[in-house]
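Below is one structure, written out as structure tokens; comments come after it.
Just so it is clear, the structure is predicted and the values come from calculations on it, not from any experiment.
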Amino acid sequence: MAEKLLLLGDEAVALGALHAGLSGVYAYPGTPSTEITEYIQNHPMTRERGVHSDWCTNEKTAMEAALGVSYAGKRALVCMKHVGMNVCADGFMNSAVTGANGGLVVVACDDPSQHSSQNEQDSRFYAEFAQVPCFEPSNQQEAYDMVREAFDYSEANHIPVLMRLPTRMAHSRAVVEAREPREQNEMHFPAADRAKFWVTLPGISRVRIKELADDQIRFRHDSELSEDNLYTDGPDHSMGIVACGIAYNYLMENYPGGCTYPTLKVTRYPFPKQLLEKMTETCKTILVIEEGQPLVEEKLRGLIYEEGSAAIKVKGRLDGSLPRTGELNPDHVRKAVGLPANPVFEASGVTVPRPPALCMGCGHRDFYTALNNVLKKYEGSRVFGDIGCYTLGYMSPFNAIHTCVEMGASLTMAIGAANSGVWPSVGVIGDSTFTHSGMTGLLDAVNSGADITLCISDNLTTGMTGGQDSAGTGKLERICEAIGVAPEHIRTIVPLPKNYPEMEAVIDEELNYHGVSVVICRRECIQTAKRHAKKI
């Protein structure tokens, strides 16, 4: 009898991967993807089967480790948020060239409306860029079923598969009916006719790139025949609707008895061109509903022009029928299809907005207080921030950082600013972000003799995403010394109010050292400390 479970979209992906015979999950925590790996880590099957589930230092190392699993003939899952795709892009793009041996599925969780992110990047573009198939489930049951399908397809076609979940899909719950798990693969190396593609010398890769281009015809054909993409006719042909991924759910919430317009549900790419042609035979207006950027909408404009059907009008995000940015919802779709608006109720005064803020008792608070006190006397100083809880140091009352661009940029931006004459030039980075993508920047600083001070705010965990292990815990001083920072200019302080005089003195001394210095501010995250105390 099938087991029924109430699961987040992330958890449905995780369980589907375990039931698909997973041998290893490789990830760096990032909202909204974190729960995939955490679910696998906590599932009994992980221990029973010896599934590898440790956190990686960053998304690039995660992608490469998963490639190693695939090379050995076993099945691997790689998980990250959308901006993590930028970090692993080199390995991801080249994985389409090497191909897959054991099934290889990369899950990217996008964050439209930027609930916890610096942009609204759409990971479907990466699938198109790399020329690999993409699966985009519209509900939790599909998330479970499609990740199993994705592993099978990856293995059968020797190609990595990208699966894309937006925030609302990743973090909403629904009942999922689970099926019987399959066994893990036995170790086996790539067959002789494919083994050479794992060595990406230009002479070999040129052959594979031609094969990959030819494969697109098969991938598209499979997409058109797949039940994942569904064309449903309707009585009203004044408009056709293309609904992608979770946007199909938004559409059907407005049509519980069935949509009155012809509808093409798209949850698998390459885009099923032939199914669209059915719609364009009778519909002269097409509305495209998709979460994220207008990838399909732009594609349809090209396809329709190519077929000589310029009279067909394409509507969606680009023409204002749907919001150009941000997360969609059923009300946006309702307006776009011409249904009357639902009643709107005023928010109660009982609930008031609560902007994000550093936790009371957080060590970052004391560090920023001390840093601000020191920098008051240095006109023209600049503090380059990074990604983590401590980014909230930009907010009042601290107003302590001037920039935050992407993981690791604090250090290298500080170098560039120092090269341009900025002094003091200070970088602020967290312990997990430092090992993620700050260490190479520190090597640049050492090699160029940059006049910077790097402050590593070490809370002994990856705090912003829920307290996962940090790769640098207990190693930061040794890492900095090994990279080449002079030991006498690697200073460690404890950020507490009683230590302000000592903290300020150390920071001031290192600002006045005209070379590379590192100040490590170490105190455990207050939330992690509370969790540890409960276990005692």
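Side-chain contact of Tyr248 with Asn139: a donor-acceptor pair under 3.5 Å is absent, judged by distance alone. Defined by atom type and a distance below 3.5 Å, a donor-acceptor pair is missing between the side-chain atoms of Thr167 and His115.
Judged by distance alone, with hydrogens and angles left aside, the side-chain atoms of Lys81 form a donor-acceptor pair with the main-chain N or O of Thr31 at under 3.5 Å. Checking side-chain atoms of Arg208 against main-chain N and O of Val97 turns up a donor-acceptor pair under 3.5 Å. The backbone N or O of Gly21 lies less than 3.5 Å from no partner atom in the side chain of Gln184, so there is not a single donor-acceptor pair. Not one N or O on the side chain of Ser226 forms a donor-acceptor pair closer than 3.5 Å with the backbone of Asp222. Between the side chain of Gln121 and the backbone N or O of His82, at least one donor-acceptor pair lies under 3.5 Å. Thr267 places a side-chain N or O within 3.5 Å of a backbone atom of Asp228 that can act as its donor or acceptor partner. Between the side chain of Ser154 and the main chain of Val161, no donor-acceptor pair closer than 3.5 Å is present. The main-chain N or O of Val51 is never found under 3.5 Å from a side-chain atom of Ser23 such that the two would form a donor-acceptor pair. Judged by distance alone, the side chain of Arg324 and the main-chain N or O of Arg317 form no donor-acceptor pair under 3.5 Å. Using a distance-only test at 3.5 Å, with no hydrogens or angles considered, no donor-acceptor pair links the side chain of Glu120 to the main chain of Thr325.
Heavy atoms only, all atoms of each residue included: Gly441 and Thr412 are closest at CA-CG2, 3.7 Å. Listed here is the closest heavy atom pair of Glu291 and Pro112: CG-CG, 3.7 Å. Taking each heavy atom of Ala414 and Gly427 in turn, the nearest pair found is CB-N, 4.2 Å. Across every non-hydrogen atom of Ile159 and Pro133, the tightest pair is CG1-CD, 3.8 Å. Ile429 approaches Gly408 most closely through the heavy-atom pair CD1-CA, 4.2 Å. Of all non-hydrogen atoms in Gln140 and Ala12, the two that sit nearest each other are O-CB, 3.4 Å.
The ring of His19 has its center closer than 6.0 angstrom to the ring center of Tyr144.
By the 4.0 Å N-to-carboxylate-O rule, Arg220 lies too far from Glu224 to be salt-bridged with it. Between Glu155 and Lys74 there is no salt bridge, since no side-chain N of the basic residue sits under 4.0 Å from a carboxylate O of the acidic one. Looking at Asp214 and Lys210, a side-chain N of the basic residue comes within less than 4.0 Å of a carboxylate O on the acidic one, giving a salt bridge. Residues Arg164 and Asp122 are paired through a salt bridge, judged by an N-O separation under 4.0 Å between the basic side chain and the carboxylate. Here Glu211 pairs with Arg194 in a salt bridge; the nearest charged N to carboxylate O distance falls below 4.0 Å. A salt bridge links Arg168 with Glu327: at least one charged nitrogen is closer than 4.0 Å to a carboxylate oxygen. Electrostatic pairing of Arg173 and Glu11 counts as a salt bridge here, judged by a charged N lying under 4.0 Å from a carboxylate O. Here Arg218 pairs with Asp215 in a salt bridge; the nearest charged N to carboxylate O distance falls below 4.0 Å.
In this structure, CG in Asn94 is found 7.5 Å from OG in Ser205, a value given to the nearest 0.5 Å. We find the CZ-CG distance between Arg334 and Asn329 to be 11.5 Å, quoted to the nearest 0.5 Å. Distance CD/Gln41 to CD1/Ile36: 12.0 Å, rounded to 0.5 Å. In this structure, CG in Asn101 is found 5.5 Å from OG in Ser70, a value given to the nearest 0.5 Å. Atoms CG and SG, from Asp10 and Cys109 in turn, are 4.5 Å apart once rounded to the nearest 0.5 Å. Rounding to the nearest 0.5 Å places CG of Leu8 at 12.0 Å from CG of Leu15.
Contacts of Arg382 classified as side chain to side chain contact (heavy atoms under 4.5 Å, CB included), with partners at least two apart in sequence or in another chain: Phe384, His402, Val422. In terms of the ring-ring contact (aromatic ring centres under 6.0 Å, His included) criterion, residue partners of Trp198 (sequence neighbours excluded) are, by chain and number, Tyr71. Take Thr285 and apply the side chain to side chain contact (heavy atoms under 4.5 Å, CB included) test, not counting sequence neighbours, and it matches Met239, Lys313, Lys315. Considering only residues two or more places apart in sequence or on other chains, Phe271 meets the ring-ring contact (aromatic ring centres under 6.0 Å, His included) condition with none of them. Residues that satisfy the ring-ring contact (aromatic ring centres under 6.0 Å, His included) test with His436, not counting sequence neighbours, are Tyr28.
Ring-plane geometry between His52 and Tyr26 is classed as parallel, the angle between the planes falling under 30 degrees on a 0 to 90 degree scale with a further cut at 60.
In the displayed structure, Phe125 atom CZ is contacted under 6.0 Å by more than 12 heavy atoms of other residues, nucleotides or ligands. Counting non-hydrogen atoms of neighbouring residues, nucleotides and ligands closer than 6.0 angstrom, the CG atom of Asp90 reaches no more than 12 such neighbours. Within 6.0 Å of the NZ atom in Lys196, the count of heavy atoms belonging to other residues, nucleotides or ligands exceeds 12.
Inter-residue side-chain proximity for Val147 and Phe135 is flagged as unmet; no heavy-atom pair is nearer than 4.5 Å. The closest side-chain heavy-atom distance from Val87 to Ser437 is not below 4.5 Å. Counting only heavy atoms from C-beta outward, the side chains of Ser53 and His43 never approach each other to under 4.5 Å. At least one side-chain heavy atom of Ile387 sits under 4.5 Å from a side-chain heavy atom of Cys404. Proximity of Glu38 to Gln468: side-chain heavy atoms (C-beta onward) are separated by under 4.5 Å at one or more points. Val428 is not listed as a side-chain neighbour of Ser410, based on a closest heavy-atom distance of 4.5 Å or more. Contact annotation: the side chain of Glu136 approaches that of Tyr269 to within less than 4.5 Å [non-hydrogen atoms, C-beta and beyond]. For the pair Val107 and Ser33, the minimum side-chain heavy-atom distance is 4.5 Å or more.
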Problem set entry | Residue pair Lys60, Glu64: steps toward the salt bridge (Lys or Arg N to Asp or Glu O under 4.0 Å) verdict | CA-CA 6 Å; Lys60 181 178 185 290; Glu64 292 158 352; 2.5 Å; yes
Problem set entry | side chain to side chain contact (heavy atoms under 4.5 Å, CB included) assessment of Phe92 paired with Val132 | CA-CA 10 Å; Phe92 177 74; Val132 303; 3.8 Å; yes
For this session: May I have the step-by-step check of side-chain hydrogen bond (donor to acceptor under 3.5 Å, both in side chains) for Ser116 and Asp111, ending in yes or no?
Result: CA-CA 7 Å; Ser116 174; Asp111 190 19; 5.0 Å; no
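Arg268 forms a cation-pi arrangement with Tyr153, by the criterion of a distance under 6.0 Å to the ring centre and an angle within 45° of the ring axis.
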For residues 255-265, which side-chain N or O atoms pair as donor and acceptor with protein atoms under 3.5 Å away, sequence neighbours left out?
| from | atom 1 | to | atom 2 | distance (Å) |
| --- | --- | --- | --- | --- |
| Thr263 | OG1 | Tyr261 | O | 2.9 |
| Lys265 | NZ | Glu142 | OE2 | 2.3 |

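When each of Val296, Val242, Ile241, Ile246 is checked for a side chain to side chain contact (heavy atoms under 4.5 Å, CB included) with Ile289, only Ile241 meets the rule.
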